[in-house]
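Below: the structure, in structure tokens.
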Protein chains: 2
Amino acid sequence: MVSLKDIAGHCGVSVATVSKALNGQSDISAETRERICAAAEEMGYMANAAARALKTRRSYNIGVLFVDQRSSGLAHEYFSAVLDSLRVEAEQNGYDITFINRNVGKRPTSYLQHCLHRGVDGVVIASVDFSDPMVAELAQSNLPVVTIDHVFPGRCAVLSDNTEGMRSLVRYALRRGHRDVALIHGELTSVTGKRLAGFREACEEAQLRIPAGRILQGAYHDSDTCYRLTKQLLSAPPRPTCIFFPDDFSAIGGMNAIREAGLRIPEDISILGYDGIRLSQMYSPKLATWKQDTAALGASAAAELIALIEQPGTAPEIRTVPGSLIEGESVDLRF
Amino acid sequence: MVSLKDIAGHCGVSVATVSKALNGQSDISAETRERICAAAEEMGYMANAAARALKTRRSYNIGVLFVDQRSSGLAHEYFSAVLDSLRVEAEQNGYDITFINRNVGKRPTSYLQHCLHRGVDGVVIASVDFSDPMVAELAQSNLPVVTIDHVFPGRCAVLSDNTEGMRSLVRYALRRGHRDVALIHGELTSVTGKRLAGFREACEEAQLRIPAGRILQGAYHDSDTCYRLTKQLLSAPPRPTCIFFPDDFSAIGGMNAIREAGLRIPEDISILGYDGIRLSQMYSPKLATWKQDTAALGASAAAELIALIEQPGTAPEIRTVPGSLIEGESVDLRF
DNA sequence: TAGGAGAACGAAAACGTTTTCGATAAGGAG
DNA sequence: CTCCTTATCGAAAACGTTTTCGTTCTCCTA
């Protein structure tokens, strides 16, 4: 690896001058700057990130905390899409991303310690158990932090509009004439809470009372559980005419249960998913679902974090990313 | 951040002693070592990775090159699963992973330059256009490199057994009595080549001649293309009794085409996928497919790379990871 | 012409480690 | 008691940067 010293030797100047020329400082004459830059280019110079980070305390590295509970983190299309746009946005701004984990060397530590060790400039937290004290420790640290789909008091967050998403889905189903609807939701998290709120709002709006038995706790991204719960819903008459699922993936479990019961979708039972993954429009029938704008979520998170890093004064902002309704073909008209 | 100097001050020894105590060097008395380690623990010491990397030229960071052509990289379940197990294995060995891209700062460079800049200890390359000269440059550099699903001469590689996978699938279909089979394959890569070879071998073995029109080039992970090609296959009688698809995901496109033509799976047309993603066993019918051992692929790649890094003498090894046949319910008996 | 301003560059310290090598002390052998 | 080992520790250099603060030198103004 060629270093500043090599270039300095080659050009007959000091390392200080080379550094300043390469970094565009003003107290270098245009002529020498040209000469130095040309030499650097020609010699294939590449700054040593470690040395620079050591000196400047800026690593141009952002940490990403994605914990795949039930190994559905990276394999989950929603999160991998968010991660990917996050990565692209970060890279365009000159930042690399590294995954945060719980060991440095081979010894276990905390997420925060790991971040301090690596000297990341900031952190994006998503898809984790936000009740984990170790996550809270990281979120409350004095590193710049942006969370996705969760808000810690006083910190930045990027949210998918879960209340609006669920509200829109319910309104859509009610508009199509459904009155006896059921909801299977995921584990109780802030995301689930928002969606439940949206569900209730839309129902109240339509002066619809939903009996307790029509709201079941399932699990995200777990089609087996939804298969089971759907069977349960179908077995106790009267059947609902419409079922909301935690996400598109788990809706597949529900569809299987419905078909095994000899019922048709949407003629006998209408269904709605959530997420709008590509697959949802390949089922037949195409699924009615709420498309979360994963590209905007990831890019916003990165952009906001970088703003936080580069303009330390920035007030912590909570940005909500709108989604959109995909009508699909899985909700029948009932009049 | 507390540094070695702080600990040294606190314990009344030199930084050299602290460093050696913490790193388990032998020329430190047990008593002072205890004292220093205790102080380090209590003061919340965390080594500065940048300083260490600068001094030792080891970053404990491995670069991962995953390019998502057609944005199906991270969103592709196969690769995200491989990536995840790779990450876990690396982390367990004290390595972090960072994504390699083409810019340092905001200026574009090559993958190799980016690696040199970051000082990664080694690189895993997967899911890229292996004909890209910039990828070749990286692969032929003197960094430790492991590729997945592709072999560069003289370098380490971890391969999913594509020939065996396709051979097994074909044998399975032929065993069930199919004689007029069609294959839709992906873009021409070394992976596709292997699968084609497996396909041909199994056919020859059974003394089956496959007319040219029965082998079509489609695209990986692209259900639209497969939808179109399947329609084409179905429109020209005689129809094949069995179709092989590039992967499970694109098989969905094929299934839709088949069903739209009013045909049943598998009674009228049998189908086979490739990959064994979770979803494939949620379709109905469950898909006959070849399950690639993504967990082993990722873990092997990481393990092999780390071996290469830590024992520089290691001979470049090409490891093939076996997969397994999932029979599913999508291939009918034909006798 | 003297003085000051500004432009261009360099010396050196610093960031936090690791590592070599020398120094000191203790202990054992003769 | 002297000499040689061995154990334990520290001083200092080095890794490759960035940045502060001088130092020169030129040129302009009064």
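Because the structure is a prediction, the values reported are computed rather than measured.
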Checklist outcome for this item: Rounded to whole Å, CD of B/Q25 lies from P of D/dA7 at a distance of 15 Å
Checklist entry - When the nearest nucleotide of DNA chain D is assigned to A/K5 and to B/T32 on a heavy-atom basis, which residue is associated with the more 5' position? => result B/T32
Next on the checklist: Taking any heavy-atom pair under 4.0 Å as a contact, classify A/I28: base, sugar-phosphate, or nothing.
Outcome noted: sugar-phosphate
Item to check | Length of the line joining B/M1:CE and C/dT17:P, which is rounded to integer Å | outcome: 7 Å
Item to check | Heavy-atom pair with the smallest gap, counting every atom of A/A90 and A/I62 | outcome: CB-CD1, 4.1 Å
Item to check | Under 3.5 Å: donor-acceptor pair, side chain of A/N48, backbone of B/H117 | outcome: no
Item to check | Nearest-nucleotide comparison on DNA chain D, the residue closer to the 5′ end among A/L4 and B/A30 | outcome: B/A30
Item to check | Side-chain N,O (A/S3) to OP1/OP2 (D/dG16) below 4.0 Å | outcome: no
Checklist entry - Please give, in whole Å, the distance from D/dT19 C1' to A/R57 CZ? => result 14 Å
Checklist entry - Going by heavy atoms in the side chains, are A/R118 and B/N61 under 4.5 Å from each other? => result yes
Checklist entry - Where each residue is assigned the nucleotide of DNA chain C containing its nearest heavy atom, which of A/A16 and A/S26 is assigned the position nearer the 5′ end? => result A/S26
Next on the checklist: If I take atom OH in residue B/Y60 and atom C1' in nucleotide C/dT18, what distance separates them, rounded to the nearest angstrom?
Outcome noted: 13 Å
Item to check | B/E31 CD - D/dC9 C1' separation (whole Å) | outcome: 13 Å
Item to check | Residues touching DNA chain C, which here means a heavy atom under 4.0 Å, drawn from residues 47-56 of chain A | outcome: A/L54, A/K55
Next on the checklist: Using ring centroids (six-membered ring only for Trp), state whether B/F99 and A/F99 fall under 6.0 Å.
Outcome noted: yes
Checklist outcome for this item: Of A/V191, A/I148, A/L297, the one forming a side chain to side chain contact (heavy atoms under 4.5 Å, CB included) with A/S160 is A/L297
Checklist outcome for this item: B/Y45 OH to C/dG16 C1', in whole Å, measures 7 Å
Next on the checklist: With a 4.5 Å cut-off on side-chain heavy atoms, are B/V123 and B/C115 touching?
Outcome noted: yes
Next on the checklist: What's the closest nucleotide to the side chain of A/S19 if the choices are D/dT18, C/dA8, C/dT20?
Outcome noted: D/dT18
Checklist entry - In terms of side-chain heavy atoms of B/T17, which of C/dG10, C/dT17, D/dC9 is nearest? => result D/dC9
Checklist entry - Rounded to the nearest Å, what distance is computed from the CG atom of residue B/D27 to the P atom of nucleotide C/dT24? => result 17 Å
Item to check | For atom NZ of B/K20 and atom C1' of D/dT8, their distance in whole Å | outcome: 8 Å
Item to check | Of the listed nucleotides C/dG10, D/dG10, D/dT18, the one nearest the side chain of A/V13 | outcome: C/dG10
Checklist outcome for this item: Heavy-atom nearest pair, B/C37 first then B/L22, reads SG-CD1, 4.0 Å
Checklist entry - In terms of side-chain heavy atoms of A/S29, which of C/dT18, C/dA8, C/dT20 is nearest? => result C/dA8
